[in-house]
Amino acid sequence: YLSTIRGGKCKIIVPQRGEKRRQLDLAMENARLELQEAEVADQHRGKSLNLLAEALGLETPPQRMEAFDISNTAGDQPVASMTVFQQGKPLKSAYKKFKIKTVTGGDDYGAMAEVMGRRLDRALSGDASFLPLPDVFLMDGGQGQVRVAKAELEVRGLNIPIYGMVKD
């Protein structure tokens, strides 16, 4: 396999003693520790997702979550961000930034409705960069943001849980 990748003959040498053997042993120990840390982190993520599912009243832990936030500069230039978590880990390759096109001023509800509508329409049209749909939507804001996002889902015949996130 390595010869195929290299495009020529490949020889593997395993040192048996000396400095190179000590380096190999150190590398193996570092790899073992990294694997152990990754396993602990996975266990913590699993527990956290179970606790989240319990707190939200979900039957199963969410595998994919999307969170939305609307921001602007003194009411001008509104934008929205979409962050994605897959199995409790950030999936930065799926993050999106939306320019608000139809809403002016500081209308966060209108901006949320626009962004959710655009996001859902892209998914329903088959755009792979907006698939799959999440198990849960999280809105930065309270009942108002949740209400307009839920309306966008209902218009499209979708039923995905939506939760608002507010300070305190």
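Just so you know, these numbers come straight off a predicted model, no measurement behind them.
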Sequence-distant partners of Arg6, salt bridge (charged side-chain N to carboxylate O under 4.0 Å, His left out), two or more places apart: none
Show every donor-acceptor pair shorter than 3.5 Å between a side-chain atom in residues 42-49 and any protein atom, with sequence neighbours excluded, or say none if there are none.
| unit_1 | atom_1 | unit_2 | atom_2 | d |
| --- | --- | --- | --- | --- |
| Asp42 | OD1 | Arg45 | NH2 | 2.4 |
| Ser48 | OG | His44 | O | 3.0 |

For Glu59, all residues meeting salt bridge (charged side-chain N to carboxylate O under 4.0 Å, His left out), sequence neighbours excluded: none
Pairs flagged by side-chain hydrogen bond (donor to acceptor under 3.5 Å, both in side chains) wherever residues 126-142 is involved - sequence neighbours left out: Arg122-Asp127, Asp127-Ser129
Hydrophobic cluster partners of Val40 (side-chain heavy atoms under 4.5 Å): none
Shared hydrophobic cluster, Phe137 / Val155 (ILVMFWY, side-chain heavy atoms < 4.5 Å): no
Non-neighbouring partners of Gln145 that pass side-chain hydrogen bond (donor to acceptor under 3.5 Å, both in side chains), sequence neighbours left out: none
Gap between atom CE of Met82 and atom CZ of Phe130 - 0.5 Å precision: 6.0 Å
Single-linkage hydrophobic cluster, 4.5 Å side-chain cutoff, Leu91 and Met65 together: no
Partners passing side-chain contact (heavy atoms from CB on, under 4.5 Å) against Leu26 (at least two apart in sequence or in another chain): Asn30
Path from Val136 to Leu131 over hydrophobic side-chain contacts below 4.5 Å: no
N/O donor-acceptor pair under 3.5 Å between Arg64 side chain and Val84 backbone: no
Summary of side-chain hydrogen bond (donor to acceptor under 3.5 Å, both in side chains) pairs that have at least one residue in residues 146-164, sequence neighbours excluded: Asp121-Arg156, Glu152-Arg156
Non-neighbouring partners of Glu19 that pass salt bridge (charged side-chain N to carboxylate O under 4.0 Å, His left out), sequence neighbours left out: Arg22
Residue pairs, two or more places apart or on separate chains, that pass salt bridge (Lys or Arg N to Asp or Glu O under 4.0 Å) and touch residues 78-90: none
Residue pairs fulfilling salt bridge (Lys or Arg N to Asp or Glu O under 4.0 Å) with at least one residue in residues 96-113, sequence neighbours excluded: none
Glu34: partners by side-chain contact (heavy atoms from CB on, under 4.5 Å), with sequence neighbours left out: Glu37
